[in-house]
Amino acid sequence: MARFFFHVRDDKNYIQDDEGQELPDLDAARDEATVAARQLLSEALLQGNGLIDRQFEIADAQGVICAVVPFRHVVRFT
Amino acid sequence: MEILSTSKNRLLALLPGEDLALLEANLHRVSLPFKSEIEAPNIPIESCYFLTEGIASVVASSKNGKRIEVGLIGREGVTGAAAILGSVSSPNATFMQVPGAGFRISAIDLRQAMERSRPLASILAKFVHSFMVQNGQTALVNGKATLEERLARWILMAHDRVETPNFSITHEFLAVMLGVRRPGVTTALHDLEGRGLIRSKRGEVIVLDRSGIEEVAGWSYGTAEAEYQRLYGRPSNSQSGVL
């Protein structure tokens with residue numbers, strides 16, 4: 001297990017996650033960010049709000065950004 | 001001295017002196033740190049806790065690891081609804097999510113005291129009813145309210161149960177309470193913070209504008225609290241909340 005931090009960035013704000021969470025590895029952290037982004041987008045979608053183009057920046061325990069998950073990449077149209 | 005501190009729990013404070021005296025020898029003052037386990041799923045419930053500070057969370061879970069909070073209890077109540085109703089255990093888990101303190105009593109001693117004291121049995125039965133109303137409201141809100149409404153409701157419910165405008169809470173637990181993945185909690189808190197309603201610091205939420213939070217929570221907050229007030233009246237000594 002390792003601790004990952006999920007900071008959030010959009011064009012106006014940078015929201016620091018100073019708590020973090022324990023996950024098995026970076027793939028699990030990417031999955032966590034993907035599901036969280038889908039939940040936030042679906043909330044906005046149901047309310048008829050515009051979808052804010054945010055991204056999760058996943059940092060490891062040393063503060064190094066090791067993955068970026070843009071919200072736009074978690075939506076698929078077929 | 002003892003009477004002064006038991007009166008910090010609203011249910012104990014409502015008991016007539018002779019009925020409280022029945023309980024007092026079996027009430028043990030305990031401090032309840034963050035994450036203290038009060039009840040584990042399907043394990044016999046040994047003790048019930050009349051809280052005087054802090055918040056206990058009742059969490060339902062599934063075999064495949066899904067969890068969601070179904071109710072919370074502070075100084076307005078007592079843990080162990082299943083034991084009070086005569087069940088040995090419950091599939092729900094109960095643990096302290098805001099550290100505090102309270103009075104522990106064995107489930108057996110509490111049941112015996114209920115048999116000897118009608119006022120105690122009545123006060124506890126009404127509490128279990130009010131808690132079931134809260135559980136029902138939580139189901140309604142989890143099915144029908146937005147994430148922002150649910151977060152605002154939860155902050156109000158926590159604020160009702162603490163003495164101060166600030167309380168400690170981790171995003172990990174907030175995620176369980178709100179039924180979302182933890183990284184989403186950061187954003188939801190930030191959105192309320194951006195409107196000047198709360199401040200969210202490391203592991204802590206500070207209520208800045210309660211009526212503003214009530215506006216955000218809207219219909220999702222208040223029914224369970226009104227039912228509690230109908231049963232027990234409004235507290236005389238509450239500083240922040242309505243319970």
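Note on naming: letters A, B, ... go to the chains in the order of the sequence lines (proteins, then strands), and numbering restarts at 1 for each one. FYI, side chains are in, hydrogens and waters are out, and symmetry mates aren't considered; it's all heavy atoms of this structure.
- Both the backbone and the side chain of B/His171 come within less than 4.5 Å of a heavy atom in chain A.
- Within the 4.5 angstrom heavy-atom criterion, only side-chain atoms of A/Glu43, from C-beta onward, approach chain B.
- Cation-pi geometry between B/Arg153 and B/Tyr221 is not met: the NZ or CZ atom fails to fall both under 6.0 Å from the ring centre and inside 45° of the normal.
- Within a 6.0 Å radius of CD in B/Glu215, other residues, nucleotides and ligands contribute 12 heavy atoms or fewer.
- When heavy atoms are compared at a cutoff of 4.5 Å, A/Gln39 approaches chain B solely by way of its side chain, counted from C-beta outward.
- B/Arg150 places no side-chain N or O within 3.5 Å of a backbone atom of B/Val141 that could act as its donor or acceptor partner.
- A salt bridge links B/Glu148 with B/Arg195: the distance from a Lys NZ or Arg NE/NH1/NH2 to an Asp or Glu carboxylate oxygen falls below 4.0 Å.
- Looking at A/Asp10, neither its backbone nor its side chain comes within 4.5 Å of chain B, counting heavy atoms on both sides.
- Annotation: maximal heavy-atom pairing with chain B below 4.5 Å, among A/Ile58, A/Leu46, A/Val8, A/Asp17, occurs at A/Asp17.
- B/Phe34 pairs in a ring-ring contact (aromatic ring centres under 6.0 Å, His included) with only one of the listed residues (B/Phe173, B/Phe167, B/Phe95), which is B/Phe173.
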